[in-house]
Amino acid sequence: QVQLVESGGALVQPGGSLKLACAASGFTSDHYALGWFRQAPGKEREGVALVSNSDGSRHYADSVQGRVTISRDSTKNTVYLYLHMNGLKPEDTGIYYCAATASIARAVIEFPAPAGFTSWGQGTQVTVSS
């Protein structure tokens with residue numbers, strides 16, 4: 001069972017930067033995708049960025065294109081997923097979740113919808129406010 005733990009959420013001023021991290025473990029194969037999603041109060045969960053472990057391709061939501069970079073690193077048993085965010089706006093406020101799926105094709109086709117992602121972290125709060 002894949003386990004994911006996010007960290008790095010904070011209160012940030014508009015225009016600021018933030019780096020979120022996710023520690024993911026429990027993978028039984030190298031065929032998976034990892035993604036960052038967020039959910040604002042009263043809104044549906046939406047995708048922010050996705051990376052495929054099969055070909056390294058990265059996908060970004062239109063709302064964050066050019067302001068966000070997804071990256072990853074790994075040790076023997078743990079994959080570290082990062083979300084680097086710049087030029088933060090109040091509308092970036094929300095709970096940010098890390099997620100994993102073995103259904104890469106579906107995840108990419110459906111993105112930024114969270115369809116196909118089966119493992120989720122507990123989330124980390126990001127608040128952009130002056």
Side-chain angles (χ1 to χ4, degrees):
Q1 184 177 357
V2 176
Q3 295 183 326
L4 306 111
V5 180
E6 304 94 336
S7 61
L11 171 63
V12 184
Q13 290 189 342
S17 299
L18 193 65
K19 178 182 176 180
L20 304 181
C22 172
S25 60
F27 294 105
T28 57
S29 78
D30 291 332
H31 187 81
Y32 59 84
L34 292 170
W36 283 102
F37 295 81
R38 65 187 181 189
Q39 188 165 18
K43 294 188 176 181
E44 294 185 350
R45 191 170 299 187
E46 63 176 1
V48 178
L50 177 158
V51 59
S52 167
N53 193 58
S54 64
D55 62 5
S57 63
R58 303 177 186 184
H59 308 267
Y60 297 96
D62 290 342
S63 60
V64 301
Q65 187 74 38
R67 300 190 295 119
V68 166
T69 302
I70 188 171
S71 64
R72 56 180 176 164
D73 197 358
S74 63
T75 62
K76 180 179 179 181
N77 297 313
T78 302
V79 175
Y80 296 95
L81 185 71
Y82 302 102
L83 188 69
H84 307 255
M85 300 187 289
N86 300 306
L88 284 164
K89 305 175 182 180
E91 50 263 44
D92 293 317
T93 294
I95 300 174
Y96 281 68
Y97 298 91
C98 175
T101 180
S103 303
I104 299 176
R106 181 187 179 192
V108 171
I109 290 171
E110 300 281 352
F111 186 81
F117 281 85
T118 55
S119 299
W120 294 84
Q122 82 289 349
T124 187
Q125 176 71 46
V126 173
T127 302
V128 184
S129 174
S130 56

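Heads up: numbering here begins at 1 and tracks the sequence.
- The structure places CD of Gln1 at 9.5 Å from OG1 of Thr118, a figure rounded to the nearest 0.5 Å.
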Ser52 vs Ser54, side-chain hydrogen bond (donor to acceptor under 3.5 Å, both in side chains): CA-CA, chis, key distance, verdict: CA-CA 5 Å; Ser52 167; Ser54 64; 2.8 Å; yes

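- Residue pairs meeting the disulfide (SG to SG under 2.5 Å) criterion with at least one member in residues 83-130, sequence neighbours excluded: Cys22-Cys98.
- Closest of all the heavy-atom pairs between Ser71 and His84 is OG-NE2, 3.1 Å.
- Judged as a ring pair (Phe, Tyr, Trp, His ring centres under 6.0 Å), the pairs with a partner in residues 100-130 (not counting sequence neighbours) are, in order, Phe37-Phe117, Phe37-Trp120.
- Closest heavy-atom contact between Pro114 and Arg45: CD-O, 3.8 Å.
- By the ring pair (Phe, Tyr, Trp, His ring centres under 6.0 Å) test, Tyr97 is found to be paired with no residue, residues two or more places apart in sequence or in another chain being considered.
- Proximity of a side-chain donor or acceptor of Gln39 to a complementary backbone N or O of Gly94 within less than 3.5 Å is not detected.
- Enclosure of atom CG in Asp62 is not indicated, since only 12 or fewer non-hydrogen atoms of other residues, nucleotides or ligands lie within 6.0 angstrom.
- Within the model, atoms NZ of Lys76 and OG of Ser25 stand 14.0 Å from one another, a figure rounded to the nearest 0.5 Å.
- In terms of heavy atoms, Gly123 sits closest to Ile95 at CA-CG2, 3.8 Å.
- Under the rule for a side-chain hydrogen bond (donor to acceptor under 3.5 Å, both in side chains), Thr78 has no partner lying at least two apart in sequence or in another chain.
- Between Arg106 and Thr101 there is no side-chain heavy-atom pair separated by less than 4.5 Å.
- The disulfide (SG to SG under 2.5 Å) pairs that include a residue from residues 51-81 number zero, where partners must be two or more places apart or lie in different chains.
- Not a single side-chain hydrogen bond (donor to acceptor under 3.5 Å, both in side chains) links Thr124 to another residue, sequence neighbours left out.
- Asp92 meets the side-chain hydrogen bond (donor to acceptor under 3.5 Å, both in side chains) test with Arg38, Arg67; sequence neighbours excluded.
- The shortest heavy-atom contact between Leu50 and Ala33 is CD2-CB, 4.5 Å.
- Counting side-chain heavy-atom gaps under 4.5 Å among Ile, Leu, Val, Met, Phe, Trp and Tyr, the cluster of Ile70 also holds Val2, Leu4, Val12, Leu18, Leu20, Phe27, Tyr32, Leu34, Trp36, Val48, Val51, Tyr60, Val64, Val68, Val79, Leu81, Leu83, Met85, Leu88, Tyr96, Val126, Val128.
- Heavy atoms from other residues, nucleotides or ligands lying under 6.0 Å from CD of Glu91 number more than 12.
- Annotation: side-chain hydrogen bond (donor to acceptor under 3.5 Å, both in side chains) contacts of Gln3 (sequence neighbours excluded): none.
- Apart from Tyr80 itself, the hydrophobic cluster it occupies contains Tyr82, where clustering links Ile, Leu, Val, Met, Phe, Trp and Tyr at side-chain heavy-atom distances under 4.5 Å.
- Applying the disulfide (SG to SG under 2.5 Å) test to every pair with at least one member in residues 43-73, sequence neighbours left out, gives no pairs at all.
- The disulfide (SG to SG under 2.5 Å) analysis of residues 101-130, with sequence neighbours excluded, yields no pairs.
- Counting heavy-atom neighbours within 6.0 Å of Glu44 CD, excluding the residue itself, gives a total of 12 or less.
- The distance from the OG1 atom of Thr93 to the CD atom of Gln125 is 7.5 Å, given to the nearest 0.5 Å.
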